[in-house]
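Structure first, commentary second.
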Amino acid sequence: MKELIKKLVEISSPSGREDAIREAIVEEVRDYVDELKVDALGNLICMKKGKSGKKLLLDAHMDEIGVVVTHIDEKGFLRIDMLGGVSPYMLLGSRIIFESGACGIVSTEGESAREAGEIMKNLDFDHIFVDIGASSKEEAEKLAPIGTFGTYDSKFRDLGEKLVSKSMDDRIACAILVQTIKELKEPADDVYFVFAVQEEVGIVGASVAAFDIMPDMAVAVDVTAGPDTPKSFKRMGFKLGAGPTIKIKDRGSVSSSRVVSRLKEVADIRSIPVQYEVLIFGGTDARGYQITGKGIAAGTVSVPTRYVHSPNEVVDYNDVLNTVRLLKALAEEGV
């Protein structure tokens with residue numbers, strides 16, 4: 001499965017520009033599903049037929065955080081804005097790959113040590129720029145014109161049990177859904193796999209993906225900030241390597257108690273290690289499904305992840321495999 005993860009995380013597809021990642025997922029799953037379609041917004045929706053007459057929806061968002069070119073100065077330096085939750089501090093010193101193929105380095109202004117220091121105290125997008133090696137505005141406009149999207153330019157690294165890359169949020173969940181599709185032979189229910197667009201900019205894709213499905217249960221699969229590093233969030237207790245988390249709540253939604261209970265029941269039946277997650281910030285596509293139509297019972301299964309929204313997000317491979325086991329078990333046991 002590591003090769004699948006590497007393939008998906010290294011593709012550059014920020015919010016609103018998901019074509020490349022969608023094509024890669026279609027290539028992986030087309031021979032394993034009974035139905036496959038792309039809706040008007042760009043969500044990829046696949047289905048495996050069951051026997052119960054009920055419907056289960058499993059979701060992973062395809063997009064990743066990124067940036068967009070907003071201005072080019074006379075010397076060819078780019079100004080940018082964020083797509084999703086991008087910290088200028090995380091960007092500083094990193095490489096950005098643009099959809100045009102141009103590559104740039106992010107740096108910050110400062111005409112004196114004092115000014116640079118003051119800017120660093122409250123760094124924002126007004127004070128950072130991207131150097132793509134251009135010598136003039138005209139040259140830069142050819143390489144990365146205004147409106148060009150970009151993402152972190154970082155690669156997958158296999159550290160054994162720990163895996164490192166950009167866009168684990170949420171390509172690790174995409175890989176998990178793809179693997180579940182490949183392994184799932186006899187689902188109890190009709191299982192819909194939604195690879196959603198534009199989660200990072202407001203849960204856009206999930207808000208429309210289920211209107212014509214209206215499943216009995218929806219489970220978003222996403223990452224969650226791993227609070228197991230030194231002096232990290234002390235009000236949360238889950239950790240890498242102890243299994244996927246069943247979300248109780250986050251800033252965006254409260255998981256359906258029925259979904260939480262069913263996930264724990266299935267985990268116990270199959271002896272799959274799981275943790276509970278109460279996230280004190282953030283949100284997932286579960287919110288989009290909860291408010292679809294007349295409402296859908298929804299919750300989230302998360303992969304604990306260190307350094308979320310950085311160029312080097314870290315997951316534990318055992319958590320990944322156990323998430324596949326949990327979703328496959330839910331599909332086989334039924335909602």
Side-chain angles (χ1 to χ4, degrees), residues 8-9 11-18 21 42 59-70 78-99 104 106 108 120-130 147-154 164-174 195-207 220-227 229 232-233 235-236 238 245 247 249-253 277-288 300 302-315:
L8 299 187
V9 296
I11 292 171
S12 179
S13 274
S15 297
R17 297 292 184 271
E18 294 92 352
I21 185 63
D59 164 282
H61 68 87
M62 295 184 290
D63 60 316
E64 61 187 295
I65 58 169
V67 299
V68 59
V69 179
T70 62
L78 312 181
R79 300 291 180 162
I80 57 174
D81 194 23
M82 60 182 175
L83 293 164
V86 182
S87 166
Y89 289 101
M90 285 291 186
L91 279 172
L92 199 59
S94 70
R95 291 192 304 190
I96 298 294
I97 186 72
F98 290 96
E99 57 187 322
V106 182
T108 185
M120 282 298 294
K121 289 180 182 178
N122 296 287
L123 189 62
D124 57 29
F125 281 83
D126 287 331
H127 294 100
I128 62 175
F129 61 85
V130 184
T148 303
F149 287 39
T151 63
Y152 287 124
D153 184 21
S154 58
V164 185
S165 182
K166 75 166 185 66
S167 71
M168 288 293 187
D169 179 11
D170 193 25
R171 303 290 168 66
I172 196 63
C174 292
F195 299 89
V197 299
Q198 298 191 50
E199 187 267 359
E200 297 290 0
V201 294
I203 312 180
V204 177
S207 298
V221 186
D222 212 321
V223 302
T224 188
T229 53
S232 57
F233 301 102
R235 285 197 285 145
M236 300 187 293
F238 51 90
T245 68
K247 187 187 293 287
K249 71 169 289 292
D250 55 30
R251 190 66 63 83
S253 67
E277 171 200 352
V278 180
L279 192 66
I280 59 176
F281 44 77
T284 74
D285 276 347
R287 176 176 174 80
T300 301
S302 303
V303 180
T305 305
R306 294 175 185 160
Y307 325 122
V308 172
H309 285 196
S310 82
N312 300 290
E313 299 172 331
V314 178
V315 301

Judged by atom type as modelled, is there a donor-acceptor pair below 3.5 Å linking the side chain of [X] to the main-chain atoms of [Y]?
X	Y	value
Ser207	Gly205	no
Thr245	Glu277	no
Arg79	Ile128	yes
Glu199	Val204	no
Thr108	His127	yes

Could you check whether any side-chain heavy atom of [X] comes within less than 4.5 Å of a side-chain heavy atom of [Y], counting everything from C-beta outward?
X	Y	result
Val67	Leu91	yes
His61	Phe195	no
Asp170	Val223	yes
Glu18	Gln198	yes
Glu64	Ile21	no

Does Asp285 form a side chain to side chain contact (heavy atoms under 4.5 Å, CB included) with Asp222? I'd like the steps, not just the answer.
CA-CA 8 Å; Asp285 276 347; Asp222 212 321; 6.0 Å; no
Scan Ser167, Ser15, Ser13 and name whichever one has a side-chain hydrogen bond (donor to acceptor under 3.5 Å, both in side chains) with Asp63.
Ser15
Within 45° cone and under 6.0 Å: Arg251 NZ/CZ vs Phe281 ring:
no
Atom pair [atom1]/[atom2] of [X] and [Y] - distance to nearest 0.5 Å:
X	Y	atom1	atom2	value
Tyr307	Met90	OH	CE	9.5 Å
Met236	Leu279	CE	CG	5.5 Å
Ile65	Thr151	CD1	OG1	9.0 Å
Tyr152	Ser12	OH	OG	12.5 Å
Ile11	Arg171	CD1	CZ	6.5 Å

Should we say atom CZ of Arg306 is surrounded by more than 12 heavy atoms from elsewhere, each under 6.0 Å from it?
yes
Which heavy atom in Gly66 sits nearest to a heavy atom in Pro14, and how many Å separate them?
CA-CB, 4.3 Å
Under the side chain to side chain donor-acceptor pair (under 3.5 Å) rule, collect the residues that match up with His309, sequence neighbours excluded.
Asp169, Glu200
Looking at Glu313 and Lys166, is any side-chain nitrogen of the basic one under 4.0 Å from a carboxylate oxygen of the acidic one?
no
Regarding Thr284 and Thr300, do their side chains bring together a donor and an acceptor under 3.5 Å, going by distance alone?
yes
